[in-house]
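What follows is a set of notes on a single structure, which appears directly below.
We're numbering straight along the sequence, starting at 1.
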Amino acid sequence: MTALQMATIASPDSASVAWIVRSLWLIPAVPMAAAGLIALLPQPRRRPAAMLAVGSLAVSFLLAVTAFAHVLLHWSSGAATRETVSVDWLSLGSSTLQMGWVLDPLAAIMLVMVTFVGSLIFIYSIGYMSHDENFTRFFCFLALFAGGMLGVLIANSLLLLFMCWEIVGLTSYLLIGFWYQKPSAAAAAKKAFLTTRVGDIFFLLGMVWLFAQTGTLLFYNHGAGAMEPAALAVLLSQHAAWGLSAAGAIGLLIFAGAAGKSGQLPLHVWLPDAMEGPTPVSALIHAATMVAAGVYLVARVYPLMSAGAGAGTTTVPLTVVAWIGATTALFGALVAVAQFDIKRILAYSTVSQLGYMMVGLATGGVAVGMFHLITHAFFKALLFLGAGSVIHGCHEEQDIRRMGGLRSDMPLTFATYTVGMLALSGFPILFSGFWSKDAIVGAAHHWPVSQGPFWMLLIGALLTAFYMMRQVGYVFLGRWRGHGHAHESAAVMTVPLAVLAFFAMALGLLGTPAWPWFTAFLESRPLAFDFAGFGEPGLLPLMAATSLLVLLALGVGWRLYVTKANDSDADPDVLQTASPTVFRWLESRLYFDELYGATFLRAYALCAAFAAWLDRRLWGGLVALVADGFQALGQWNKSVDGQWIDGGFDKGCEELTTAGGVLAWLQTGRAPGYLRTLALGLLLLLLGLMVVASTLGQVKL
């Protein structure tokens, strides 16, 4: 860390920043550090692993509450509520890439929600995973998962957010495939990882483009951040393609990443299969962390997504978000009607509700979409943990056709699950889901572009109440259709259910038209309690209409699945009997997986086969040709070396050996022999000289 720059928007000239803002990085760092410590523990050390994981998230929760109180104090005093800390991370020539964290109402309320709900899920996991042999490894992954999500929430840099975003992706892979010995779990983990990577590629492209245009990836930085007016003006002035500005194109690329994480069409296929992981993982992914990250990302870059919108108009990115969200909401609700796995019903419900959140962001703004995210986190965590309690009490059975009558055997689970069901269904007045869902429907009703999303959301609301009543009828009412005897879960599992049930009801008080605390807090504007809020044109008729739809759907569900409950698990579903073809399509999830298998996956298989052919025939052939050439060269070299170089050397050696033999014959070592040889030599020399002299004497000069 070469430099530390701290900016307090509430007091720009202040020389110091509150300690909680400076220490905000501890909120994700503590569970990450706990994950590292747990990784060093041997597998049997269950108690230390659980204490480290739960304790670390409890510490993060206390820090988050402190940060929330700090922002709340600024808001109540009328001061601005966004504070940032930036650090120089990487030098790029003459420029410096900065990262940092931000504390504002959006981050503060999300930090409290994730740490609180996450802590309850961690505590619940102690009981749920008590007999698993990989207990220690599970809590290591769980702590790292929570740390990654908390890093996403505090990031004031798109780069830091993306880093933590990928930690969430990695740990989701590890947790979904936690029981990797099951082929279905291993396949679901790979499917989740690869599908979300598709969205992340577009996210990365948008991030690089944003940096190229603005020179920064900080969201807020004294007016020089990428989400601030100066940078947005530059992006709006740059033309991209198809009539889009750079702001619109980058917004769409970033939304693709959000769609992958939040299971929006067409990247939704991984989310239902994530049920292969342990139920606490399902609760954490579907309620407080991974899927919420995509919605949070859209909220965090909302200034970019809405750049250029005027009164009565919207932008291309927000239009796309609204239509994809509405389509996803309707699709998820339709498919959930025909599922029999208790967790898969809730999974498609999550897909549907995430669509509602996206529509809320696109048509009503950040506060509308995020309020439903917060309420949904509590009642969906309640439902998933309740489903886990049911599965645990029914000896790992997940098919709702093999359940029934559990309200007498599991009264605490039944009571809390009913609260979650009514909150998700949007039961009038008493439950938080009613207020957050109606705010989204009302915003869609006033959307100036089209009424299409509004009608799609109404149908989705009707179906949501129906399939939840269907599920409760199958699981808790009627007669027992399973095997063995069901039992209530331990207190370590039921106490978190009771706490979540309380908040699933009480949180609605924060978003009523008479006291819109949540909206005022996020938008940092004054708050007043006034029943005149219900007098907004068209509000009461719309609330009455949605309430009637919900009550009608609950009544139809009661009529079909309670008063006419099946006596045997072999009896067909009422809807299956009424329309087998439609039911089969919905039960098969509209064959999206088969469609992807026949198109994208088939195309990838053909590309892989072509690549294999190229590798074997072309590149492999070239390699073989080069190898054959070098082999021939080696043979020639061997021939030259063996026949010429070695042969000549060997012949020379033979001649030297022969000459040496002659010399050896002459070297007898006897003096008389040597004297005779010398005499013979002398005689020959004299004869030679005489011949030469005679010859010279005859020559006339």
Who pairs with Y124 by side chain to side chain donor-acceptor pair (under 3.5 Å), at least two apart in sequence or on another chain?
none
By side chain to side chain donor-acceptor pair (under 3.5 Å), which residues pair with Q398, not counting sequence neighbours?
D341
Taking it one step at a time, do F379 and F431 satisfy ring pair (Phe, Tyr, Trp, His ring centres under 6.0 Å)?
CA-CA 10 Å; F379 61 69; F431 299 91; 9.7 Å; no
Please check if any side-chain donor atom of T84 sits under 3.5 Å from a side-chain acceptor atom of N156, or the reverse.
no
Ignoring hydrogens and angles, state whether a donor on the side chain of S432 or T375 is under 3.5 Å from an acceptor on the partner side chain.
no
For V368, does its backbone N or O pair with a side-chain atom of H372 as donor and acceptor, under 3.5 Å?
no
Flag yes if more than 12 heavy atoms outside [X] fall under 6.0 Å of its [atom1] atom; otherwise flag no.
X: W179; atom1: CH2; answer: yes
X: W455; atom1: CH2; answer: no
X: Y180; atom1: OH; answer: no

Would you please classify the geometry between the [Y] ring and the [X] ring as parallel, tilted or perpendicular, with 30° and 60° separating the classes?
X: F518; Y: F371; value: tilted
X: W75; Y: F521; value: perpendicular
X: F178; Y: F138; value: perpendicular

If you look at every heavy atom in [X] and [Y], which pair is closest and at what distance?
X: L175; Y: P278; value: O-CD, 3.6 Å
X: V291; Y: L354; value: CB-CD1, 3.6 Å
X: A256; Y: F202; value: CB-CB, 3.6 Å
X: P28; Y: G151; value: CB-N, 3.5 Å

R197 to F193, cation-pi by 6.0 Å centre distance and 45° axis angle:
yes
In Å, rounded to the nearest 0.5 Å, how long is the span from [atom1] of [X] to [atom2] of [Y]?
X: S352; Y: H268; atom1: OG; atom2: NE2; answer: 12.0 Å
X: T171; Y: M290; atom1: OG1; atom2: CE; answer: 8.0 Å
X: S86; Y: L218; atom1: OG; atom2: CG; answer: 4.5 Å

Give the C-alpha distance, both sets of side-chain angles, the deciding distance and a yes or no for side-chain contact (heavy atoms from CB on, under 4.5 Å) between S245 and L235.
CA-CA 7 Å; S245 65; L235 294 173; over 6 Å; no
Evaluate L153 against R300 for side-chain contact (heavy atoms from CB on, under 4.5 Å), listing each step before the verdict.
CA-CA 9 Å; L153 299 181; R300 179 54 75 192; over 6 Å; no
Between [X] and [Y], is the gap from one ring center to the other below 6.0 Å?
X: H376; Y: Y356; answer: no
X: F454; Y: W447; answer: no
X: F122; Y: F145; answer: no
X: Y467; Y: Y348; answer: no

